[in-house]
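Written below as structure tokens is the structure these notes are about.
Every value quoted in this text rests on a predicted model; they were computed, and no experiment measured them.
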There are 2 protein chains.
Amino acid sequence: MIGRNCIVRLSRYKNALYQFKKLGVVKIFSDNLAEAVNVTASQVRKDFSIFGISGNKRGGYQVEVLIEQLKDILGKNEVQKAVIVGAGNIGRALMNYTGFEKEGITIVAAFDIDPHKFNEQANVPIFGIDKLNSFISNNKITIGIIAVPAVAAQQVLDLMEHAGVKGVLNFAPISLRANNNIVVNNINLELELENLIYYINASARTKE
Amino acid sequence: MIGRNCIVRLSRYKNALYQFKKLGVVKIFSDNLAEAVNVTASQVRKDFSIFGISGNKRGGYQVEVLIEQLKDILGKNEVQKAVIVGAGNIGRALMNYTGFEKEGITIVAAFDIDPHKFNEQANVPIFGIDKLNSFISNNKITIGIIAVPAVAAQQVLDLMEHAGVKGVLNFAPISLRANNNIVVNNINLELELENLIYYINASARTKE
DNA sequence: CATATTTTGTGAAATATTTCACTAAACAAT
DNA sequence: ATTGTTTAGTGAAATATTTCACAAAATATG
Ligand SMILES: NC(=O)c1ccc[n+]([C@@H]2O[C@H](COP(=O)([O-])OP(=O)(O)OC[C@H]3O[C@@H](n4cnc5c(N)ncnc54)[C@H](O)[C@@H]3O)[C@@H](O)[C@H]2O)c1
Ligand SMILES: NC(=O)c1ccc[n+]([C@@H]2O[C@H](COP(=O)([O-])OP(=O)(O)OC[C@H]3O[C@@H](n4cnc5c(N)ncnc54)[C@H](O)[C@@H]3O)[C@@H](O)[C@H]2O)c1
């Protein structure tokens, strides 16, 4: 199985390629991409070779072709539907965000336990949590986003898993238990800040 | 220099330890922690050995002591002050979040370019971006959070860097250029979802 | 008190990841 | 055509990370 960092780099290459494309760049070399993504040129070539992506010696890679190949590997050639559970601060920020659409990800509905939050007419409708199971199976939703308080997160994950969700992005700062038929990625902002603080201090220490 | 994954694990150990402490657990063994964090017991011990954390053979580690040692390594024994730039969806979600305080991180102010967003009386006051520089230096802020649109992100980073911020958490989905006197951690949610999609598909492929 | 058991701490071994370095293809220049 | 230059592709080497496995310490047991 291919490591997460490698897949993250593929996403970064793709993003960099979008920028290059916007600037009118048509062909690109491994070292241009390397610089844009802050890795070595051989890393770029090795990553590509793992996935059988090839360019032309002395001619580099065609930007458009490369984007398509990366999108293909990353499973971006069909629109992905996601639901959010928890229409609080984070949940609403995500619902209002328009940037996922251009990445082929649509947030189709949200669910909450608090009736004050319900709003079936909103752009992203907010339903009661009791509707989650049928909504997911009727609409073949594969992605769930957990944006509820930590205490409720495991229970929401269990609901999602049972309903047939295949992957979960979890914002609650606790580690969740899941079967291995479901993929869970955690966004833990406390941890990210903590991590930042470590490296700030580490870098201050090195400088003395 | 010690890799990010190792530091991330330290944070996870600490979080797991808080849970154990809450349950009244006083001493703990490497395999308990390993299970809680989903790594091997020797990984736990190796991590600890890197930082000179030691327990007692057959007696394991004292939960309270271990928490303090980890907090110390992670630089959590003093309160850290952070500012947000960009009082939009994400910026406001972070301002309203009370969970950072218990981690010793205080969001002391936010800054925006749009006068409609200004609110100097709010719990977390929102000022004009022109006040950023003096606020950071007067208040010795070390952490900046970028929550502005991608096009403005580099410019905000430059302002922060110039003002003396040492570490930045960036929510804009682009790669930023910084000197190496400043640490930048990126939270790229598009990328995280993309990554999730890759592994969902990969796991579907494996199962056939 | 002696013996058995548990669990740490850590070199060594095993894996995984990244970088090196070189071959060969593609193209340009003459 | 010939020669030179550039750059992809890739095994091999170098590094980094994780796991193994075992000696030594701490504690329990009889
Ligand atoms: N807001 C942030 O900036 C931030 C930062 C870091 C982490 N987080 C984490 O993200 C999660 C959400 O944070 P938030 O600030 O949006 O919280 P919030 O309290 O604003 O929103 C949580 C929402 O979840 C709903 N909810 C609670 N239990 C539920 C259940 N069982 N089923 C369905 N809905 C339920 C609540 O009604 C509420 O609307 C939390 O775990 C938090 O720790 C948030
Ligand atoms: N909202 C989300 O869920 C979400 C998800 C993924 C990524 N992001 C990223 O996070 C960032 C913020 O997203 P958002 O949804 O909060 O955007 P938003 O448009 O709601 O808010 C951006 C804020 O930044 C302010 N701003 C713009 N230029 C500025 C400048 N030069 N100086 C100071 N303030 C400035 C705007 O006035 C606005 O208040 C974006 O880069 C976005 O791509 C957001």
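- Summarising the geometry, the separation between CG on B/D31 and P on C/dT6 is reported as 12 Å, rounded to the nearest angstrom.
- Each of B/Q43 and B/K27 was assigned the nucleotide of DNA chain D with the nearest heavy atom; the assignment lying further toward the 5' end belongs to B/Q43.
- As rounded to whole Å, 15 Å separates atom P of D/dT10 from atom CZ of A/F51.
- Regarding A/I50, its CD1 atom lies at a distance of 9 Å from the P atom of C/dT18, rounded to whole Å.
- Distance B/N5 CG to C/dA16 C1': 12 Å, rounded to the nearest Å.
- Side chains of A/I146 and A/L157 form a contact here, defined as non-hydrogen atoms less than 4.5 Å apart.
- Checking side-chain atoms of B/K81 against main-chain N and O of B/I105 turns up no donor-acceptor pair under 3.5 Å.
- For A/N32 (side chain) and A/I28 (main-chain N/O), no donor-acceptor pair under 3.5 Å exists by modelled atom type.
- When the P atom of C/dT18 is taken as reference, atom CD1 of A/I2 falls 12 Å away, rounded to whole Å.
- Under the 4.0 Å criterion applied to side-chain N and carboxylate O atoms, A/E103 and A/K14 are assigned as salt-bridge partners.
- Residue B/S49 places none of its side-chain N or O atoms closer than 4.0 Å to OP1 or OP2 of C/dG9.
- Regarding contacts with the backbone of D/dG9, a side-chain N or O of A/Y61 is found under 4.0 angstrom from either OP1 or OP2.
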* Residue pair A/Q154, A/D158: steps toward the side chain to side chain donor-acceptor pair (under 3.5 Å) verdict -> CA-CA 6 Å; A/Q154 181 65 56; A/D158 295 344; 3.0 Å; yes
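- In summary, B/K166 and B/E161 do not engage in a salt bridge, as defined by a charged side-chain N under 4.0 Å from a carboxylate O.
- Remark: C1' of D/dT19 and CZ of B/R9 are 12 Å apart, rounded to the nearest angstrom.
- B/F48 comes within contact range of no nucleotide atom at all, as no heavy-atom separation falls under 4.0 Å.
- Computed from coordinates, the B/I53 CD1 to C/dG9 C1' distance equals 13 Å when rounded to whole Å.
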* Structure fact -> Once base and sugar-phosphate atoms are separated, protein heavy atoms under 4.0 Å mark nucleotides 20-30 of chain C, 5' to 3', with B, S and - as BB--BBBBS--
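- Counting heavy atoms from C-beta outward, B/N185 and A/N195 have side chains that approach closer than 4.5 Å.
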